[in-house]
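Once you've had a glance at the structure underneath, I'll fire off some questions.
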Amino acid sequence: MGYYFKDGVNKISEESTKEQIVEVTPNGPLMVYGNLQVKLPNGETKQEHKVTAFCRCGASQNKPFCDGTHKKIDFQG
């Protein structure tokens, strides 16, 4: 997915035209279905495919990805 600016106009890159679905699970992660490029804080980019679970509780040891810690800490959200 990607947006970029060219000549002061918002453009959508070809990669962003593929469908992704986002699901907020009760008391759990943010589930994203589809092909993604995840840009990590260290500058690394990871390609994710099919289903990716992103942490919402803030306690994952594998951020930004969910590691199931929300169940251990009884996350409500």
Hydrophobic clusters here meaning ILVMFWY residues chained together by side-chain heavy-atom distances under 4.5 Å, can you tell me if Val24 and Val32 are in one?
yes

Find out whether Leu30 and Val22 are in side-chain contact, i.e. whether some heavy atom of one side chain is under 4.5 Å from a heavy atom of the other.
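A side-chain contact exists here, since the closest heavy-atom pair is under 4.5 Å.
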
Any ring pair (Phe, Tyr, Trp, His ring centres under 6.0 Å) pairs touching residues 56-77, not counting sequence neighbours?
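The answer is Phe54-Phe65.
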
Let's go through Tyr33 and Gln20 carefully: what are the C-alpha distance in whole Å and the side-chain angles of both, what is the deciding distance for side chain to side chain donor-acceptor pair (under 3.5 Å) to 0.1 Å, and is it a yes or a no?
CA-CA 6 Å; Tyr33 303 89; Gln20 289 81 29; over 6 Å; no

Sort and list the pairs that fulfil side-chain hydrogen bond (donor to acceptor under 3.5 Å, both in side chains) and have at least one residue in residues 41-63, not counting sequence neighbours.
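Only Asn35-His49 qualify under side-chain hydrogen bond (donor to acceptor under 3.5 Å, both in side chains).
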
Quick check: do Pro64 and Leu40 have side-chain heavy atoms less than 4.5 Å from each other?
yes

How long is the gap from SG on Cys57 to CD1 on Ile73, to the nearest 0.5 Å?
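Interatomic distance, Cys57 SG to Ile73 CD1, rounded to 0.5 Å: 4.0 Å.
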
